[in-house]
Colleague: 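Could you have a look at this structure, given as structure tokens, before my questions?
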Protein chains: 2
Amino acid sequence: MDIEIRSGCPINLTMEVLGDRWSLVIIRDIMFGNRRHFRELLTQSEEGIASNILAARLKRLMSYGLITKLDDPSHSQKAIYSLTEASIQLVPMFAMIGAWGRRFLPVSEDLSIRAELLEEGGPPLWDEFMADLRRIHIEDPIGGANGTVKSPVLARLTAAFLEVRAKMDAAAG
Amino acid sequence: MDIEIRSGCPINLTMEVLGDRWSLVIIRDIMFGNRRHFRELLTQSEEGIASNILAARLKRLMSYGLITKLDDPSHSQKAIYSLTEASIQLVPMFAMIGAWGRRFLPVSEDLSIRAELLEEGGPPLWDEFMADLRRIHIEDPIGGANGTVKSPVLARLTAAFLEVRAKMDAAAG
DNA sequence: CCATCTGATTGCATATTGAAACTAGTTGAG
DNA sequence: CTCAACTAGTTTCAATATGCAATCAGATGG
């Protein structure tokens, strides 16, 4: 699982590592959905990734140091996937990707509220979020996975998302 | 050439449009290298894209409204490829991608100086650069392609790149 | 008039992707 | 203890994408 390194350009290298259909989507689910198990990533994903692709991407992301894998003490067969410092520092990039997508692509209201808040919050919010992520992924990945350690920023983003979704459900049905 | 839309999430949609090995690399060459012809994109690229892939990607990017194609009056068979407002607004994303790549991937000194300057310059520089790009891609694509209309920001970035490269050449040879 | 340059296209081998079925082991309820 | 449900994947196979080399037809330049 190695980069080919067609050139040392930062943009090219980033594309060699993250330039595919699924890598950033998986990191997004771990980061913003706090999905830490294979099953959660597989079935609770909006986009319906195939299990073989998910397995391959997780392996690949591990080999690049973007996620780590840890045995879940509560279930000997469960693994906990966590972000690393490298993937936590993708937060500003996600903010820009979300901002651009909201502006130029046909996003849905509920799924874009988090991107909107992240854009509005700017660097101060990103820093706060990254600090949270360090706690639930690096300092205490087990507590972060089982919910005993939480991210206030994530809680706010999730609450906003659920609120919009509830409003949409009420309007629709 | 349509998106499948597996979900309305801004990050997912952006990956459906730009999440592949080559799209952003091609836009990078048009944006930072001011390569406006097929041949330039094909042969002056650091990474050596295949001609069929380049043709397919240009067509795809056009269908998404990220580039436009224009007949070159100086040569009836030449086409000029230009950025659109949507791709010009990728500048902040490129800045973040470059910054992340510089921090976590084995970039080369010469090819990362532009990313460094773009990161240091921050939003004021990005805005200035985007204003330049609007002039040489939207307002006067022909003048922008043949060099009669120039981007001061691009000139600074290119000068810095050439300076670093000259220094490296001197040290090596 | 002919070599060269233009933006591509075509063929073909290989690599990647995607969906569904399947594996092998674990856990929890009865 | 037993069995259904759940765990993280792997296997299989068809479809698609990629990469490389060769090719093409229409300008252009000498």
Side-chain angles (χ1 to χ4, degrees), chain A residues 1-7 12 15-26 29-30 35-63 67-82 142 145-146, chain B residues 1-7 12 15-26 29-30 35-63 67-82 142 145-146:
Chain A
M1 211 80 73
D2 41 318
I3 315 186
E4 194 182 333
I5 307 207
R6 295 173 87 114
S7 96
N12 173 64
M15 287 304 103
E16 292 194 18
V17 171
L18 297 171
D20 72 87
R21 176 72 182 80
W22 292 110
S23 294
L24 282 180
V25 169
I26 292 168
D29 282 347
I30 301 176
R35 298 196 227 292
R36 310 291 289 272
H37 304 293
F38 190 92
R39 260 317 120 159
E40 292 175 341
L41 288 164
L42 185 66
T43 61
Q44 294 172 36
S45 152
E46 287 278 336
E47 293 84 13
I49 187 173
S51 63
N52 56 341
I53 306 292
L54 175 60
R57 284 296 169 281
L58 288 172
K59 196 180 289 182
R60 197 178 127 97
L61 290 171
M62 272 188 282
S63 83
I67 58 175
T68 56
K69 187 181 178 176
L70 178 73
D71 285 340
D72 187 333
S74 78
H75 188 303
S76 69
Q77 207 167 14
K78 260 183 174 169
I80 297 174
Y81 294 97
S82 302
I142 293 170
N146 68 26
Chain B
M1 209 78 76
D2 41 317
I3 315 185
E4 194 182 332
I5 306 205
R6 294 173 88 112
S7 96
N12 173 65
M15 288 304 102
E16 293 195 18
V17 171
L18 297 171
D20 73 87
R21 176 73 182 81
W22 292 111
S23 293
L24 282 180
V25 169
I26 292 168
D29 281 348
I30 301 177
R35 297 196 228 291
R36 310 291 289 271
H37 304 292
F38 190 93
R39 264 314 125 161
E40 292 174 342
L41 288 164
L42 184 67
T43 61
Q44 295 172 34
S45 152
E46 288 278 335
E47 293 84 13
I49 187 173
S51 65
N52 55 343
I53 306 293
L54 176 60
R57 283 296 169 281
L58 288 173
K59 195 180 290 183
R60 197 179 128 97
L61 290 171
M62 271 188 281
S63 83
I67 57 174
T68 55
K69 186 181 180 176
L70 177 74
D71 285 341
D72 187 332
S74 77
H75 187 303
S76 68
Q77 210 165 13
K78 258 184 177 169
I80 297 173
Y81 293 97
S82 302
I142 294 170
N146 68 26

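Labels below follow one simple rule: chain letters A, B, ... track the order of the sequence lines, proteins then strands, and each chain is numbered from 1.
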Colleague: In this structure, how many angstroms lie between the C1' atom of D/dG26 and the CZ atom of B/Phe38, rounded?
Modeller: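 Checked: the CZ to C1' distance equals 16 Å.
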
Colleague: Base, sugar-phosphate, or nothing for A/Ala50, non-hydrogen atoms under 4.0 angstrom?
Modeller: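 If one applies the 4.0 Å heavy-atom cut-off, A/Ala50 turns out to touch a base.
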
Colleague: Rounding to a whole Å, what distance do you find between B/Ile26:CD1 and C/dG7:P?
Modeller: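 Answer to the nearest Å: 14 Å.
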
Colleague: If you only use heavy atoms from C-beta on, which nucleotide in D/dA8, D/dT18, C/dA20 is closest to the side chain of A/Ser51?
Modeller: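 The answer is C/dA20, which lies nearest to the side chain.
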
Colleague: Nearest whole angstrom, please: distance from the P of D/dA17 to the CG of B/Asn52.
Modeller: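 Checked: the CG to P distance equals 13 Å.
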
Colleague: B/Ile49 and side-chain contact (heavy atoms from CB on, under 4.5 Å): which partner among B/Asp29, B/Leu54, B/Val25?
Modeller: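 Looking at B/Asp29, B/Leu54, B/Val25, the match for B/Ile49 under the side-chain contact (heavy atoms from CB on, under 4.5 Å) is B/Leu54.
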
Colleague: Could you please name the option among D/dG19, C/dG18, D/dT10 that lies closest to any side-chain atom of A/Lys59?
Modeller: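 Looking only at side-chain atoms, A/Lys59 lies closest to D/dT10.
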
Colleague: Can you tell me if A/Trp22 touches the phosphate of C/dT17, counting only side-chain N or O atoms and a distance under 4.0 Å to OP1 or OP2?
Modeller: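 Indeed not, no polar side-chain atom of A/Trp22 lies that close.
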
Colleague: If you take all heavy atoms of A/Ser23 and A/Val17, which pair is closest and at what distance?
Modeller: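 It is OG-O, 4.3 Å.
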
Colleague: Has the side chain of B/Ser76 got a donor or acceptor atom sitting under 3.5 Å from an opposite partner on the base of C/dT6?
Modeller: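 Under the 3.5 Å cut-off, the side chain and the base do not form any donor-acceptor pair.
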
Colleague: Confirm from the modelled atom types if B/Gln77 and C/dG7 form a donor-acceptor pair under 3.5 Å, side chain to base only.
Modeller: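 Looking at the base of C/dG7, it does not pair with any donor or acceptor on the side chain of B/Gln77 (distance under 3.5 Å).
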
Colleague: Within the structure provided, determine whether A/Asn12 and B/Arg21 are in side-chain contact (heavy-atom separation under 4.5 Å).
Modeller: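 Side-chain contact under 4.5 Å: yes.
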
Colleague: Considering heavy-atom distances to DNA chain C, does B/Lys78 or B/Ala55 have its closest nucleotide positioned more toward the 5' end?
Modeller: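 First, find each residue's nearest nucleotide; the 5'-ward one identifies B/Lys78.
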
Colleague: Where the side chain of B/Arg57 is defined as all heavy atoms beyond and including C-beta, which of D/dA17, D/dC20, C/dG18 is the nearest nucleotide?
Modeller: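 Selected nucleotide (nearest to the side chain): D/dA17.
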
Colleague: Would you indicate, yes or no, if C/dT16 has its OP1 or OP2 atom less than 4.0 angstrom from a side-chain nitrogen or oxygen of B/Arg21?
Modeller: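 It does not, given that no N or O in the side chain of B/Arg21 lies less than 4.0 Å from OP1 or OP2 of C/dT16.
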
Colleague: Could you check how far CZ of A/Arg39 sits from P of C/dT26, rounded to whole Å?
Modeller: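 It works out to 16 Å between those atoms.
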
Colleague: Using whole Å, what does the distance between atom P of nucleotide D/dA27 and atom CG of B/Asp72 come to?
Modeller: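 Between P of D/dA27 and CG of B/Asp72: 14 Å.
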
Colleague: Expressed as a whole number of angstroms, how long is the span from A/Arg36:CZ to D/dT7:C1'?
Modeller: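 So the CZ-C1' distance, A/Arg36 to D/dT7, works out to 18 Å.
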
Colleague: Listed by chain and number, what are the side-chain hydrogen bond (donor to acceptor under 3.5 Å, both in side chains) partners of B/Asn146, not counting sequence neighbours?
Modeller: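 Partners of B/Asn146 by the side-chain hydrogen bond (donor to acceptor under 3.5 Å, both in side chains) criterion, ordered by chain and then number, come out as B/Thr148.
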
Colleague: To the nearest angstrom, how far is B/Asp20 atom CG from C/dT16 atom P?
Modeller: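 So the two atoms are 15 Å apart, to the nearest Å.
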
Colleague: Checking A/Ser45 now: which residues fulfil side-chain hydrogen bond (donor to acceptor under 3.5 Å, both in side chains) with it, not counting sequence neighbours?
Modeller: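 In terms of side-chain hydrogen bond (donor to acceptor under 3.5 Å, both in side chains), with neighbours along the sequence ignored, A/Ser45 is linked to A/Glu47.
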
Colleague: Measure CG/B/Leu42 against P/D/dT18 and give the value in whole Å, please.
Modeller: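 Rounded to whole Å, this separation is 16 Å.
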
